[in-house]
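Chain letters run A, B, ... following the sequence lines, proteins first and then strands; every chain starts at 1. Please read all numbers here as calculations on a predicted model, not as lab measurements.
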Protein chains: 2
Amino acid sequence: MSKQELKILGQDGDGACCGALATAPLDEEQAADLAKVFKALGDPVRLRLMSMIASREGGEVCVCELTPAFDLSQPTISHHLKLLRQAGLIDCERRGTWVYYWVLPTALDRLAGFLAVPQAAKASA
Amino acid sequence: MSKQELKILGQDGDGACCGALATAPLDEEQAADLAKVFKALGDPVRLRLMSMIASREGGEVCVCELTPAFDLSQPTISHHLKLLRQAGLIDCERRGTWVYYWVLPTALDRLAGFLAVPQAAKASA
DNA sequence: GGCTTGTATTGACGTTCATTGATGCAACCT
DNA sequence: AGGTTGCATCAATGAACGTCAATACAAGCC
């Protein structure tokens, strides 16, 4: 079910890490990859989808519970879920008739770590 | 110099806080406000600008140092800087002939805190 | 005052994106 | 098999976005 996802926010820690934003200037490739993830979060509908999935007890939500929460058509919700999945922020699995989505916590943590301003830089603020 | 900036990422801590994404579903207004900030980061040029400014010794960068780092026209860079400023991520000040930009660390920290998955939710992952 | 340099704003253009109705596919039910 | 429900894909449309050339504004210099 999980086809193409971005690898930047994967499990291993070779590339960008803690406070990378304020550590050194990003090169074009890093910036392009990260921009895709932030762009995925840069839409109110997708942010609400993320929070609805992330805040769910058990961590999984059926699409049938997400769609009626919006004044949008079902294809639109499906489209947004696809973008979030391609950004590597969520994943899904078909279980019988229904499809369940969950967030990838490591992706969120890595994004958070990327943004957090390192202590060293806080002095000169 | 600083006209309109988003207040979501301001100094005080009444609204969304640590791990808010995974704590409860966002309402439409919260989602719309936050989406603007993530959207501002959802462009490779703006991400590079952010990292160039944030990683700068002293925390300030003159526009005249930013513009030549890109294969883009000066108005385009100015446009991106304006968007970052309107998102509340950076601020600027004119000093004689030149304009200096710096990041607002609290904004980044609040974004990072918003994304970070709280410990409670990590168990069920 | 005029000239030059640094930065922001305007207006236009091409591309990307969000949204929809129609359609397709998968799984259940009888 | 036929019908129904849940979800994804397709094709089209209007809005938003990134970019630039031209222009305007601000500050220093002659």
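- Residue Leu83(B) is in sugar-phosphate contact alone, with no base atom involved, counting any heavy-atom pair closer than 4.0 Å across all strands shown.
- Contact between Trp98(A) and Cys64(A) at its shortest, heavy atoms only, is CD1-SG, 3.8 Å.
- We find that CG of Leu41(B) is positioned 12 Å from P of dG18(D), with the value rounded to whole Å.
- Residues that satisfy the side-chain hydrogen bond (donor to acceptor under 3.5 Å, both in side chains) test with Arg46(B), not counting sequence neighbours, are His80(B).
- For Ser73(A), the side-chain hydrogen bond (donor to acceptor under 3.5 Å, both in side chains) criterion is met by Thr76(A), not counting sequence neighbours.
- At the phosphate of dA8(C), OP1 or OP2 sits under 4.0 Å from a side-chain N or O atom of Tyr101(B).
- Distance Tyr100(B) OH to dA27(D) P: 14 Å, rounded to the nearest Å.
- Checking dT9(C), dT7(C), dA8(D) against the side-chain heavy atoms of Lys82(B) singles out dT9(C) as nearest.
- With sequence neighbours left out, Thr97(A) forms a side-chain hydrogen bond (donor to acceptor under 3.5 Å, both in side chains) with no residue at all.
- Regarding Leu49(B), its CG atom lies at a distance of 13 Å from the C1' atom of dG18(D), rounded to whole Å.
- In this structure, the CG atom of Leu81(B) is 14 Å from the C1' atom of dT9(C), given to the nearest Å.
- Residue Lys39(A) has a polar side-chain atom (N or O) positioned under 4.0 Å from OP1 or OP2 of dC17(C).
- Put simply, CD on Glu93(B) is 15 Å from C1' on dA26(D), counting in whole angstrom units.
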Identify the pairs formed between an N or O of the protein and an N or O of nucleotides 19-25 of chain C at a distance under 3.5 Å, and give each distance.
from: dT19(C); atom 1: OP2; to: His80(A); atom 2: NE2; distance (Å): 2.4
from: dT20(C); atom 1: OP2; to: Ser73(A); atom 2: N; distance (Å): 2.8
from: dT20(C); atom 1: OP2; to: Ser73(A); atom 2: OG; distance (Å): 3.0
from: dT20(C); atom 1: OP2; to: Thr76(A); atom 2: OG1; distance (Å): 2.9

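- Sorted by first and then second residue, the salt bridge (Lys or Arg N to Asp or Glu O under 4.0 Å) pairs involving residues 59-69 of chain A (not counting sequence neighbours) are Arg56(A)-Glu65(A), Glu60(A)-Arg95(A).
- Between Arg46(B) and dG18(D) there is a side-chain N or O to OP1 or OP2 distance below 4.0 Å.
- For the pair Lys36(B) NZ and dC17(D) C1', the computed distance is 16 Å after rounding to whole Å.
- Here Thr97(A) does not reach the OP1 or OP2 of dG6(D): none of its side-chain N or O atoms lies under 4.0 Å away.
- Nearest heavy-atom pair, Met52(A) versus Ala69(A), reported as atom, atom and distance to 0.1 Å: CE-CB, 3.6 Å.
- Between dT7(C), dA8(D), dC7(D), one nucleotide has an atom nearer to the side chain of Val99(B) than all others, and that is dT7(C).
- Partners of Glu28(A) under the side-chain hydrogen bond (donor to acceptor under 3.5 Å, both in side chains) rule, at least two apart in sequence or in another chain, do not exist in this structure.
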